[in-house]
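Accompanying notes for the structure given below.
A, B, ... follow the sequence lines: proteins, then strands. Residue 1 opens every chain.
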2 protein chains.
Amino acid sequence: MTETSPGRRELNRARTHEAIVAALRSLVAELPAELITVEQVAERAGVSRRTFFNYFGSIPVALSAVFAEHAAGMIAGLDAEQIRTDPVTALRRLVQEDGIPPDFLGWLSDLNCHGQGTDGRMLLERTVWAEMAAWLREQLHTLLPDADPLFVSTLSSGVMSCFQAAEEAWTEDPDRPEPLSDADIEAFHRHLDRALGLLASGWRSPHV
Amino acid sequence: MTETSPGRRELNRARTHEAIVAALRSLVAELPAELITVEQVAERAGVSRRTFFNYFGSIPVALSAVFAEHAAGMIAGLDAEQIRTDPVTALRRLVQEDGIPPDFLGWLSDLNCHGQGTDGRMLLERTVWAEMAAWLREQLHTLLPDADPLFVSTLSSGVMSCFQAAEEAWTEDPDRPEPLSDADIEAFHRHLDRALGLLASGWRSPHV
DNA sequence: GCCGAAGTTGCACACCGTGCAAAAATGCAC
DNA sequence: GTGCATTTTTGCACGGTGTGCAACTTCGGC
């Protein structure tokens, strides 16, 4: 009905993809992430449970897709040249100058703050962070097609571990009110910058 | 009946723990890891499925216990002083001088070589590596009790990502015969050293 | 319109991880 | 040894996961 190139098929596919992601997004905002089931997501997205698995292999994979939407905007601002010579500092500058978008931070907070100390939560979180690292690895690979796989793999894991550690340190701080204050955002940035600093220095700079 | 201190209870507990680990070890040597089920492990260990879960939360957790047995011997040789000032180089030297025990490498190879490209394999592997990183984090925490959590978390993740990346690069090399040759071990060491070098330099040294 | 291809759905199945309560093993006091 | 409290094992049931498979529906081209 509209144009020839997109095609109805790909349009529908994109639509259900987005519906699933949106359903997941809203569920994360109102439930502890480790309690979310595929059935809930599918129902809210208006598709069958089976269809969910046609798009994502599991909840963590789908969650990493939400992450990807947020993170894609960030890494778009990266300088391809500086990535080649000093990627960690490039990323650190990006964080220092542009900062992390508040809705991104809010999502991270939702993902982890709801449920507290259960074992299941740590399992889910680990899987999600691993998926995010895999996504970043993919992105770096397309950004630096001829780079050493070792370079890309270790770098993406290292960077994501900084995010993860910063997030953990952040959520261990005392109670954080629902709408994130500027001070909270500032606190996360401090944690993340410190972590990236350790990464950049090879864990040598501060004699802990 | 025997002595007072160990006690029959803890002895039995240690025995079934070891039985489960041994069963898992033998299964890994003869099956693709992602096909191993809890029922198989329990049966071979001579306990019920339910008892397995009394000891380990999942197969990946149990696998990381096997890893821990191997790795504990390695990090015992670490100099506590050098860890504080330059942990990555300390670990790098350890690998360069002592090397990775061949049976450790053989286990890593078994864990990953059997099954090829399935999606389930990557999922399992990621979980296992995450568990290993958690174990190392624990070890570093007891080794450096007053260190910054960010320091310990990012460091352990970074180091384990080097092992993971080295292992991936290693297994992508052409077919490796069952008994590991010295050249194979050498190859793994080269990959690992290169990865640790990237880690130590903050991904700056080689202008890829 | 019709037909092949792509996408969706329900179903079945093996497996996972956990709560619960009965049963067995152990430690301890006497 | 006997009895009792505690720990451990075990079976069972239950809800959730992820996948293969076979209809069935939707879409694109001719």
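Closest to the A/Arg50 side chain, of the nucleotides C/dT26, D/dT19, D/dT9, is D/dT19. Nearest nucleotide to the A/Thr37 side chain, out of D/dA13, C/dT8, D/dG16: D/dG16. Side-chain proximity of B/Thr51 to C/dT9, C/dG17, D/dT10: nearest is D/dT10. Picking from C/dT18, D/dT17, D/dG11 the nucleotide with the shortest atom distance to the side chain of B/Arg49 gives C/dT18. The side chain of B/Thr16 lies closest to D/dT9 when the candidates are D/dT17, C/dA6, D/dT9. Among D/dT9, C/dT9, D/dT17, the nucleotide with an atom closest to any side-chain atom of B/Arg13 is D/dT9.
The residues B/Arg49 and B/Glu43 are annotated as not salt-bridged, no charged nitrogen and carboxylate oxygen being separated by less than 4.0 angstrom. Taking a cutoff of 4.0 Å between a charged side-chain nitrogen and a carboxylate oxygen, A/Arg194 and B/Asp148 qualify as a salt bridge. Using a cut-off of 4.0 Å between Lys/Arg side-chain N and Asp/Glu carboxylate O, B/Glu168 and B/Arg126 are scored as not salt-bridged.
Rounded to an integer number of Å, the gap from B/Leu123 CG to C/dC16 C1' is 13 Å. With rounding to whole Å, A/Glu43 atom CD is found 16 Å from C/dG10 atom C1'. Note: CD (B/Glu10) to C1' (D/dT6) measures 13 Å, nearest angstrom. Note: CZ (B/Phe53) to P (D/dG15) measures 18 Å, nearest angstrom. Taking atom CD of B/Glu34 as the reference point, atom C1' of C/dC15 lies 14 Å away to the nearest angstrom. Counting to the nearest Å, the C1' atom of C/dA25 and the CG atom of B/Leu11 are 14 Å from each other. Distance B/Phe56 CZ to C/dC16 C1': 17 Å, rounded to the nearest Å. C/dA25 atom P lies 11 Å from atom CG of B/Asn12, rounded to whole Å.
Counting any heavy atom pair closer than 4.0 Å across all strands shown, A/Asn54 reaches a base atom. No contact: A/Phe52 has no heavy atom under 4.0 Å from any strand.
Distances shown here put every side-chain N or O of B/Tyr55 at or beyond 4.0 Å from the OP1 or OP2 atom of D/dT8.
Counting distance only, with no hydrogens placed and no angle test, the side-chain atoms of A/Arg9 and the base atoms of C/dA5 include a donor-acceptor pair under 3.5 Å.
The closest donor-acceptor contact from the side chain of A/Thr37 to the backbone of A/Gln40 lies under 3.5 Å.
With A/Tyr55 as the aromatic partner, A/Arg13 meets the cation-pi criteria of under 6.0 angstrom to the ring centre and within 45 degrees of the ring axis.
Both B/Arg15 and B/Ile59 sit near DNA chain C, but only B/Ile59 has its closest nucleotide nearer the 5' end.
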